Amino acid sequence: MNNTLIKLCSIDKSFDGERVLCGIDLDIHDNEFVTLLGPSGCGKTTTLRIIGGFETPDEGEVLFEGERINDLPPYRRPINTVFQKYALFPHLNVYDNVAFGLRLHKVPEEEIATRVREMLEMTGLKGFENRRPATLSGGQQQRVAIARALINNPRVLLLDEPLGALDLKLRKDMQNELKRIHNATGITFIYVTHDQEEALSMSDTVVVMADGKIQQIGSPTDIYNEPVNAFVADFIGESNILDGVMQKDRKARFAGQTFDCVDGGFAKNEPVDIVIRPEDVDVVPVEKGMLSGTVTGVTFKGDYYEIIVDVGGFKWMIETSDYVAPDAEIGLYIEPDAIHVMKKSEYSGKFGDYSTFSEEMDWISDPDKEVSEDEETTLLS
Amino acid sequence: MKKRLSFLERAAAVPHLVWTLLFIIGPLLFVLYFAFTDNDGAFTFANIAHLSSYAHIFFVSICFSVVATAFCLLIGYPLALAMARAKPSTQKLLLVLLMLPMWISLLIRTYSLMTLLDNGGLVNSLLRAMGLAPWHMVGTGGAVVLGMIYDFLPYMVLPIYTSMTKLDKRYLEAAADLGCNPCQTLFRVTLPLTAPGIFSGITMVFVPSISTFYISQKLGGGNFDLIGDTIERQFQYTSTYHIGAAISLVMMLLIIASVAIFGRFADKEEEGMLA
Ligand SMILES: Nc1ncnc2c1ncn2[C@@H]1O[C@H](COP(=O)(O)OP(=O)(O)O)[C@@H](O)[C@H]1O
Ligand SMILES: [Mg+2]
């Protein structure tokens, strides 16, 4: 990995006495694409604003190439931001918006003209020079915001849910485009999103946050395959999370059976959380299964079926390519390496059972939607 | 149902309509009538033609108003900026302090200022107490301008303050992000984005300044004849109603022109901000 560019050391931040960030420790390397991922309100924007210089941490240090920059104002940091709602200057046209940073740095007008032209070409905005931001579509404003930030050749680009306001198709295109820009420029990207798919597909490093704390830092595959706790396992993709006991190394007991697994290093009979991804469970005839249960729901998903199976009262979500009839008895087969064992955490028992699974489940896991407290508990319990 | 409602709506507009006819349209027609007639009631351009001899009065009035408006802007803008940046409780207090004088009659305020500046007034007593020479202010142009500033400053501050509170903080952060220090942010972002407030403020100070007569009479000690004073004097005698009406007409056109010019900027900018 390249040198550490930005280092956050035990950052704490409170607003009006309410703890928003607790002990954030994070290293960001040169040229890295880092994504802060977590549900709404977990402190992603605040972390980004601390890096940008728009908030000062209550405790802890922000280091840039080893130097403390806690009190350095934003305009003295070699960092530019693509704001959550773009914040394009309404009194300037596209050209002047993009040229804004260069003019401040007294770049000669001829050079500005060439660089703006190049930047508009790169972001697909040729011909929009004289348009006011208000006359542009969301996707175009997005591009102007990116061009306006990138033209200054920052060391770090901060992006706060930059694709949040775009529709799905445009989102996908822009994801590819941002990836391409990242590769082409070699600028370090710190990207904030609550969309786990976006985080997994774009990042070198994903930082999963919840409740003002970092839950896990790792590559997308690490985060997906080796979640450290029930929160991460549930937030990233679909997971069946079961209560279990590690009888000894490579022997896990859950759902009333003992399974071979590949994990070790736990105390004898330590209570643990077991994660099994829906796509890692094979559907087999009852007599060949390690577990058996009744199918209670089948949903056609295009290239696979998503089925809910009741195994002794715990409902599993399983993805299978073969159709299974509702109410059928089926066996489940799980390979040892499909079983992921995690230490117990404060999130144990809160996630990963599909017994109340329904369409509602989808919108409560959508962090943009507000769910009232009691509604949430009934749905999750 | 719909018809009944629209009838009621129309009925509700009647008092306003009567008011407008009686006190706005009516007087305007009178002004027009007097401006274009002579003492015998015959149509004439003579009153308008005669205005050239009042050119210097128009000129002096415009100069005083422009200077007063400029000072109001120079004092008012930083004041509005400071107010908008204060914490909410302080903002409320400052706002009340700013509006308080507006609830007191303009005449009383002007009169109080006169007693302050007068030869025997508070300022001169203080100067004397400190062993300094008295400063005869009443009767100078400076006192007239000071009066205009004192009386009309709130009308400059309020619209600017309003447009500052409407200014989205994200633009200021974006400016800082792109490398603006606080001073550059002020000139490149805050100032252009609060321009609608500035134009409203300019209109709201310039218009009463150019039509005032009381301020110049009291604080100018009768040394300055402004448009307002001239009009007032003409309307004291029936024989000079006609020339008074002609001056009024020209002043109205002047005001309409300035409102149209600055108002247009204010509107256009406002539109740009909203869209
Ligand atoms: N300026 C602020 N004043 C008060 N509370 C704030 C402020 N900014 C953020 N918060 C609170 O801090 C928490 C984290 O916010 P934020 O960092 O924006 O979360 P995220 O970006 O992950 O959705 C939220 O509960 C939010 O209400
Ligand atoms: Mg946010």
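Everything quoted here is computed from the prediction, not taken from an experiment.
Note: A/A87 leads A/G101, A/P154, A/A87, A/P74 in heavy-atom pairs under 4.5 Å with chain B. For the set A/L102, A/I151, A/T81, the entry with the most heavy-atom pairs within less than 4.5 Å of chain B is A/T81.
Annotation: residues 105-122 of chain A contacts chain B through A/H105 [non-hydrogen atoms, separation under 4.5 Å]. Contacts between residues 178-187 of chain B and chain A, defined by a heavy-atom separation under 4.5 Å, are made by B/L178, B/G179, B/C180, B/N181, B/P182, B/Q184.
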Ignoring hydrogens and angles, write down the donor-acceptor pairs under 3.5 Å from the side chains of residues 66-82 of chain B, residues two or more places apart or on other chains.
from, atom 1, to, atom 2, distance (Å)
B/T69, OG1, B/S65, O, 2.6
B/Y77, OH, B/T194, OG1, 2.6

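For A/F89 against B/Y171, the heavy-atom pair with the smallest separation is CE2-O, 3.4 Å. Closest heavy-atom contact between A/R148 and B/A174: NH2-CB, 3.7 Å.
The main-chain N or O of B/R188 is found under 3.5 Å from a side-chain atom of A/H91 such that the two form a donor-acceptor pair.
The environment of NZ in A/K179 is crowded: more than 12 heavy-atom neighbours from other residues, nucleotides or ligands sit within 6.0 Å. Surrounding CD of A/E61 are more than 12 heavy atoms belonging to other residues, nucleotides or ligands, all under 6.0 Å away. Counted within 6.0 Å of CZ on A/R180, heavy atoms from surrounding residues, nucleotides or ligands total more than 12; the atom is thus considered enclosed.
For A/N80, the parts lying under 4.5 angstrom from a heavy atom of chain B are both the backbone and the side chain. If you measure heavy-atom distances from A/L88 to chain B, the contacts under 4.5 Å come from the backbone alone. Using a 4.5 Å cut-off between heavy atoms, A/I79 touches chain B through its backbone atoms (N, CA, C, O) alone.
Looking only at side-chain heavy atoms (C-beta outward), A/R77 and B/D177 stay at 4.5 Å or farther from each other.
A search for side-chain contact (heavy atoms from CB on, under 4.5 Å) contacts involving B/M204 returns B/Y155, B/P159, not counting sequence neighbours.
Atom CD of residue A/Q84 and atom CZ of residue B/R170 lie 9.0 Å apart, to the nearest 0.5 angstrom.
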